[in-house]
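Presented below is the structure to which this report refers.
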Amino acid sequence: MISVFTQLQSILLPERLVCDPPGKNPAFEIDLIADGPIPFPQVILRQHGRERLINGDHIVWVSQEPDGGHRYRVRIQAGLVGPGEVQIQIEGCRRSDIQLAGGDDWIKTFRTLQLEHPPRPAIRRVEGGALPKLYFGIHKHMHQPYYDAVDPNAWDGEKDAIFGSRGGPYVDFVTAAIRQYAEADLPHGGLTCSWSGSLIEQLDRCAEQGRCGGRFADWTREIRSVAHLRTSLGNPRLDLSAFGFYHPLMPLIPERDIVRQIQLHRALIPKTFGAPASAILFPPETAFHPRIIPALNAAGIQAVMYDSIHRYRACRDYPYAGPSEGMLPPNPADQVDPAVTDWLRLHNVWTGSEIAPSLLRPEYLAYTDPDGTTHKIVGIPAERYIGNEDARGGFGALQYPDVFDQLYQHLQDHGGFDPEHPPFLLLHSDGDNHGGGAESYYRHNTARMIEWLAADPRFELIGIADYLQRFPPDPDRAVHIEAGSWSGADNGDPQFMKWFGRYREPYSPDLNSWAVLTALQNAVHSLEDSEPDHPSLPELTRLLLTAEASDYWYWTGQSVWDQQVTNAANRAWSIAGSDFERLVGSADRTGPTIFPPWVTPENPGGKQWGQGGLVDAPREATVHTFVHDLSGLKRVTLHLRDPQGERTLTMTDHGPYPCQTGARVTAHYFTAELPPGLGDVRYFIEAEDQRGNLGRGALERLFLA
């Protein structure tokens with residue numbers, strides 16, 4: 001048997017090193033001396049929760065020392081870790097047969113290495129001598145759904161625990177951060193915060209009924225106390241952003257409901273907090289589609305936040321990262337924005353793809369409707385990967401100095417600083433979950449962020465309203481943006497498949513809920529249009545808007561959630577079923593309700609998900625939708641616009657979507673086959689009821705290979 005080592009006698013490694021200019025470690029060596037041969041030596045580098053294993057050819061035997069010791073040399077390649085403390089674990093196995101080794105057979109020792117930032121190159125100043133700055137903002141989102149769509153007062157021990165565990169975020173954590181901005185005299189320092197109406201109403205009930213041990217007896221007091229704090233431009237440091245009252249997935253509900261959800265929420269905010277609601281919208285789930293721009297305009301919204309990857313993917317020559325990106329390749333019909341050349345793979349933060357820092361700035365987003373009218377709104381980029389890292393706990397969890405320095409240097413190297421429209425990114429996350437909802441985020445880590453900003457004038461925290469006031473985007477320059485949501489929703493794909501679970505199966509609980517909801521929307525809208533003073537409308541409208549909560553699709557396959565939309569719809573039909581039926585005939589003046597269509601495969605002739613990853617997708621595409629009308633449907637047609645002109649396709653009626661939740665009424669399911677090979681096309685769906693009332697969907701885009 002070979003006599004192997006029993007201890008590590010000496011370890012020689014540098015205590016400090018300076019990172020190379022890219023901000024990563026230089027190559028270096030570690031010398032080990034053991035009292036015998038090490039069968040399986042290895043070194044593990046740990047930093048920021050990540051590990052790098054060094055073994056194999058990177059560790060070589062050098063010599064046998066005069067005292068019998070065995071010297072090994074570990075070669076650490078450059079670029080593995082970034083600035084900060086690196087924990088180094090050095091170990092070897094005492095058994096020559098690793099198959100027989102147990103945990104006690106590994107000898108381990110630990111060291112640390114401090115990596116310092118590289119010397120910063122001289123900062124190139126823009127014309128006029130001004131220091132280029134990178135601006136960033138913070139958004140926090142607070143929400144709880146109604147756990148019973150029919151009974152807003154439903155409560156039990158589970159709900160008491162859920163709400164009680166979030167006492168800090170809902171009461172005083174946010175205000176702790178705001179006070180630090182003011183005390184540090186950050187001229188533009190502030191954040192936006194979204195509070196859903198369903199959360200506010202339930203917290204009010206907690207206060208009224210003493211739930212959660214009285215934790216929320218005066219829950220708005222702290223927020224009201226900072227509502228008067230202003231930036232140097234007079235905007236609120238705590239900007240209470242616009243939102244959808246019941247947390248609807250806005251791209252998948254009708255325009256009138258988007259407007260109503262926003263307006264109801266904007267009316268509630270000043271009553272609750274004593275401060276006005278912002279005209280800047282955080283859409284639930286960061287879910288955005290260009291087709292909602294007209295509704296946002298109608299609701300008085302001036303700017304909307306979106307997930308940055310959908311701006312990147314809308315560029316020509318976007319460097320798709322493959323399956324690791326978590327989404328299919330972009331549809332070519334979405335890739336219409338000019339190509340950029342500053343693609344960057346960030347270090348010290350998890351990324352599934354490259355980002356383009358030059359695109360991180362507010363700009364106008366555009367949508368053209370079926371009539372050819374273009375609608376615009378300001379879009380605020382929430383950087384996907386940096387925001388996700390910040391959500392783990394703020395400064396410290398996200399290595400602000402290192403990551404922001406990478407952005408800054410890359411922008412400098414590629415001429416990305418425009419003094420009239422400087423770079424700006426938003427760090428957005430839940431304000432009441434995980435590290436982004438922890439007390440340390442709002443207190444200790446905020447203090448550290450402020451210290452960093454004081455020491456590095458290249459970066460500035462700024463509220464969205466202040467940025468837009470100082471650097472308004474050019475309305476004559478508008479871009480297209482791919483649809484989609486944030487990465488936490490199954491990577492936020494442009495088809496919103498998180499809310500289409502099991503959509504390829506014969507029965508999908510999610511599709512069932514959309515079909516039931518489509519029928520309810522048409523019934524309530526029809527009654528509202530014909531009898532706006534109907535005494536049941538307030539209750540019916542509440543049931544409808546509550547049923548639109550995106551939460552009821554999020555946990556597909558759990559009956560308690562899959563049943564919620566049906567429960568609300570059945571309750572509405574039990575209240576006003578006879579009134580809905582009475583409208584059939586001369587009183588019905590509302591066109592059919594058309595659910596936003598989805599397409600299979602998502603990228604015809606491109607790639608789709610298959611066994612083991614990406615596989616070739618068929619060229620033949622099918623458009624799917626739900627349509628409902630109280631008076632019955634006369635026709636449903638798809639209008640297809642291709643380079644040769646416009647054609648009309650009759651959609652196939654498959655009857656009511658099959659239901660397994662006991663819904664009293666559900667919408668009909670329609671499909672249409674699209675001819676392949678037409679290239680970049682546009683289409684919309686039109687439906688007519690038996691009384692001649694028309695309904696029309698949005699103008700969609702698709703590439704048919």
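- For the residue pair Lys498/Ser485, the side-chain donor-acceptor check at 3.5 Å is not satisfied.
- Of the listed residues (Phe471, Tyr135, Tyr467), just one forms a side-chain contact (heavy atoms from CB on, under 4.5 Å) with Pro362, and that residue is Tyr467.
- Taking the six-membered ring where tryptophan is involved, the planes of Phe136 and Tyr400 are perpendicular, since the angle between them exceeds 60° and thus also 30°.
- Between Trp598 and Phe595, the ring planes lie perpendicular to each other; the angle is over 60°, past the 30° to 60° tilted range.
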Exercise for the section: Test Arg696 against Glu686 for salt bridge (Lys or Arg N to Asp or Glu O under 4.0 Å), laying out the working first. Expected result: CA-CA 4 Å; Arg696 187 176 66 173; Glu686 186 176 74; 5.5 Å; no
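- Aromatic ring pairs are classed by plane angle as parallel below 30°, tilted from 30° to 60° and perpendicular above 60°; the pair Tyr146 and Tyr246 is tilted.
- The ring of His141 has its center closer than 6.0 angstrom to the ring center of His247.
- No hydrogens or angles considered: a donor-acceptor pair under 3.5 Å links the side chains of Asn235 and Gln469.
- Checked against the 6.0 Å centroid threshold, Tyr147 and Trp561 count as a close aromatic pair.
- Among residues two or more places apart in sequence or in another chain, the side chain to side chain donor-acceptor pair (under 3.5 Å) test is passed with Thr661 by Asn512, Thr566.
- Interatomic distance, Phe243 CZ to Ile262 CD1, rounded to the nearest 0.5 Å: 10.5 Å.
- For Phe273 and Trp195, the ring centers are positioned less than 6.0 Å apart.
- Cation-pi check for Lys140 over Phe282 is not met; the charged atom does not lie both under 6.0 angstrom from the ring centroid and within 45 degrees of its normal.
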Practice task
Apply salt bridge (Lys or Arg N to Asp or Glu O under 4.0 Å) to Arg237 and Asp239, showing your working.
Solution key: CA-CA 6 Å; Arg237 289 193 183 270; Asp239 204 5; over 6 Å; no
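- Applying the ring-ring contact (aromatic ring centres under 6.0 Å, His included) test to pairs two or more places apart or on separate chains, those with a residue in residues 360-392 are Trp350-Tyr385.
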